[in-house]
Amino acid sequence: MAELKNLTKRGENYSQWYNELVVKADLAEQSAVRGCMVIKPYGYAIWEKMQRQLDDMFKETGHVNAYFPLLIPKSFLSKEAEHVEGFAKECAVVTHYRLKNSEFGGVTVDPAARLEEELIIRPTSETIIWNTYKNWIQSYRDLPILCNQWANVMRWEMRTRLFLRTAEFLWQEGHTAHATKEEAEAEAVKMLNVYSTFAEKYMAMPVIKGVKSESEKFAGAVNTYTIEALMQDGKALQSGTSHFLGQNFAKAFDVQFLDKENKLSYVWATSWGVSTRLMGALIMSHSDDNGLVLPPALAPIQVVIVPIYRGEEQLAQIDEKVAGIVSALKAKGISVKYDNADNKRPGFKFADYELKGVPVRLVMGGRDLENNTIEVMRRDTLEKETRTCDGIVEYVEQLLADIQNNIFEKARKFRDESIREVDTYEEFKKEIEKGGFIYAHWDGTAETEELIKEETKATIRCIPEDMDATPGVCMVTGKPSARRVLFARSY
RNA sequence: CGGGGUAUAGCGCAGUUGGUAGCGCGCCACGUUCGGGACGUGGAGGUCGGAAGUUCGAAUCUUCUUGCCCCGACCA
């Protein structure tokens with residue numbers, strides 16, 4: 001903890017600070033395999049809560065889960081030209097299926113066991129899924145198909161960071177097939193809304209919804225919708241995407257159906273996904289120098305109770321008193337941990353649960369026992385108060401809701417204050433150094449976008465849905481601009 | 001794949017002109033403690049990334065090699 005405090009949050013050491021927090025809060029660690037991550041039980045518990053919530057939301061919107069293979073024949077990937085272009089550079093390839101004893105000791109790849117066709121470890125599953133959907137779809141009666149899969153994927157990234165960019169990551173990917181363009185487009189938008197609702201309501205992370213520019217969109221998509229969040233160091237993070245794929249994959253995999261008029265046509269598709277990157281987003285949205293700050297909606301432990309005692313006799317009394325509170329909290333569906341382990345001192349426990357982001361801490365000691373009181377601390381503001389045990393359960397229930405709301409509002413305030421409108425390129429260059437989102441006019445060309453990226457490291461995060469869309473002139477070229485777009489440096 | 005670092009105990013580090021291995025944290029045992037990361041005493045743990053060379057002697061010098069980190073290109 002001392003070391004954490006020594007690192008400045010918004011300075012150059014932010015990435016060190018982040019890494020240290022992830023490791024110390026027991027969320028994840030680097031594995032022995034290059035670029036891969038071990039998600040530790042506490043980190044995974046948070047991910048599980050995210051998963052469960054998202055999965056419920058997918059079910060509510062009519063989706064079902066399925067599972068498709070990890071390995072994809074190399075030839076599948078090349079069927080959609082832009083898609084292979086986008087992913088070819090970061091694919092892990094399986095070339096052999098057997099090892100043999102080496103004459104130099106150990107084992108070696110058996111050259112006799114070379115695969116006729118190499119297999120790709122999925123970087124995403126559009127190709128294998130569309131190859132499968134081809135067999136599932138003959139008639140309009142087979143549509144729509146609304147499948148999701150929870151899976152791992154692998155992208156051989158040059159540089160990796162825990163949760164934000166790892167060679168292997170966990171995600172969900174939805175893949176849907178529709179009879180009409182309108183229905184598919186509506187699906188892509190609907191799922192983006194599911195993501196933004198999840199981010200804001202459960203992660204307490206405000207996001208900006210919008211459309212990606214031509215050069216930033218998904219390889220193989222017609223349109224990519226995105227939610228963009230702002231981290232505390234002023235960099236943007238793409239937190240979820242939903243793609244309208246048009247008929248690109250249907251054509252590449254020859255997926256046609258007979259409509260009501262007995263006419264053959266290609267199906268319309270979407271795909272959408274969020275990954276364990278959301279864990280990174282969660283960490284970087286709310287944490288402070290004492291460690292993680294978790295929104296109650298996603299905290300594996302919402303309330304921790306720590307006893308302070310002298311001697312076993314007093315502990316037994318506290319145990320008894322606390323037991324009633326624990327069961328009453330549980331009855332309200334609040335996840336609570338009573339930590340009466342005697343091998344750690346109270347001060348250690350306080351610091352540790354703060355590091356782990358537990359939203360509410362209750363402390364019961366000898367003094368409280370006498371006075372029928374209990375100490376309540378909220379993680380988001382670190383405020384402590386001692387209050388009577390009467391009505392404590394209702395109070396904590398309300399407090400959890402307040403914390404959820406408070407950290408969202410705090411993040412939203414920070415985000416809103418960091419959006420600036422800028423009209424000249426000079427000003428833009430100056431402002432981008434300060435971090436945050438910059439709302440500026442752009443002539444709509446990939447050349448100008450590339451120039452800005454090269455000179456300032458800023459990219460177009462999205463063309464936002466709910467922001468001012470009046471025309472103007474490009475800040476770089478002076479050419480006409482249809483509307484302002486959102487720029488930022490990003491992860 | 002370019003440019004720069006680094007490699008010594010589980011983790012973080014020190015180790016001078018070459019002289020035979022140290023510190024902090026953590027870990028184990030016992031005792032005293034317990035209202036914000038306790039303290040005392042004792043203890044376990046290292047062929048100094050690997051290979052070769054120079055030398056009476058190498059963590060230290062030379063050459064080769066490998067891993068990792070940071071900055072670029074790539075990216076959910």
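Chain identifiers are assigned alphabetically (A, B, ...) following the order of the sequence lines, protein sequences preceding nucleic acid strands; residue numbering begins at 1 within each chain.
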Determine the contact category for [X]: base if any of its heavy atoms lies under 4.0 Å from a base atom, sugar-phosphate if only primed atoms, P, OP1 or OP2 are that close, otherwise nothing.
X: A:Ser275; value: base
X: A:Glu90; value: sugar-phosphate
X: A:Thr166; value: base
X: A:Phe169; value: base
X: A:Leu164; value: base

Atom [atom1] of [X] and atom [atom2] of [N]: how far apart are they, to the nearest Å?
X: A:Trp156; N: B:C1; atom1: CH2; atom2: C1'; result: 16 Å
X: A:Arg122; N: B:A76; atom1: CZ; atom2: P; result: 18 Å
X: A:Lys24; N: B:C25; atom1: NZ; atom2: C1'; result: 10 Å
X: A:Asn343; N: B:C27; atom1: CG; atom2: C1'; result: 13 Å
X: A:Glu157; N: B:A73; atom1: CD; atom2: P; result: 14 Å
X: A:Gln238; N: B:A76; atom1: CD; atom2: P; result: 6 Å
X: A:Glu216; N: B:C74; atom1: CD; atom2: P; result: 10 Å
X: A:Leu162; N: B:C70; atom1: CG; atom2: P; result: 10 Å

Under the rule of Watson-Crick or G-U wobble with both distances under 3.5 Å, where | means paired to another strand and [ ] a crossing pair, RNA chain B maps to (((((((..((((.....[..)))).((((((.....)))))).....(((((..]....))))))))))))....

I'd like to know if A:Glu228 pairs up with A:Lys212 as an ion pair, taking the criterion as any Lys NZ or Arg NE/NH1/NH2 lying under 4.0 Å from an Asp or Glu carboxylate oxygen. yes

Salt-bridged, A:Lys453 to A:Glu450, with N to O below 4.0 Å? no

Integer angstrom distance from the [atom1] of [N] to that of [M]:
N: B:G43; M: B:G26; atom1: C1'; answer: 14 Å
N: B:U66; M: B:G19; atom1: P; answer: 30 Å
N: B:U47; M: B:G40; atom1: C1'; answer: 35 Å
N: B:G46; M: B:A14; atom1: C1'; answer: 15 Å
N: B:A73; M: B:G45; atom1: P; answer: 49 Å
N: B:C64; M: B:G72; atom1: C1'; answer: 28 Å
N: B:U60; M: B:G53; atom1: P; answer: 14 Å
N: B:U55; M: B:C11; atom1: C1'; answer: 35 Å

Where does the angle between the aromatic ring planes of A:Trp268 and A:Phe244 fall among parallel (under 30°), tilted (30 to 60°) and perpendicular (over 60°)? parallel

Please state whether the rings of A:Phe198 and A:Tyr202 are parallel, tilted or perpendicular, taking 30° and 60° as the class boundaries. parallel

Please examine the side chains of A:Arg361 and A:Lys349, heavy atoms only from C-beta on, and report whether any two atoms are closer than 4.5 Å. no

For each nucleotide in nucleotides 30-36 of chain B, reading 5' to 3', give B when a protein heavy atom comes within less than 4.0 Å of its base, S when such contact involves only the sugar-phosphate, and - otherwise. ---BSBB

Might you work through the salt bridge (charged side-chain N to carboxylate O under 4.0 Å, His left out) test for A:Arg155 and A:Glu157, ending with a clear yes or no? CA-CA 6 Å; A:Arg155 298 182 189 174; A:Glu157 302 291 352; 5.8 Å; no

Show your working on ring-ring contact (aromatic ring centres under 6.0 Å, His included) between A:Phe218 and A:Phe87 and close with a plain yes or no. CA-CA 10 Å; A:Phe218 176 75; A:Phe87 286 103; 5.8 Å; yes

Using the six-membered ring of A:Phe437, assess whether NZ or CZ of A:Arg461 lies under 6.0 Å from its centre and within 45 degrees of the ring axis. no

Test side-chain hydrogen bond (donor to acceptor under 3.5 Å, both in side chains) applied to A:Glu29 - qualifying residues, sequence neighbours left out: none

Got more than 12 heavy atoms from elsewhere within 6.0 Å of NZ, A:Lys235? yes

Evaluate ring-ring contact (aromatic ring centres under 6.0 Å, His included) for A:Phe249 paired with A:His83, printing each intermediate quantity in order. CA-CA 9 Å; A:Phe249 284 90; A:His83 189 69; 5.1 Å; yes

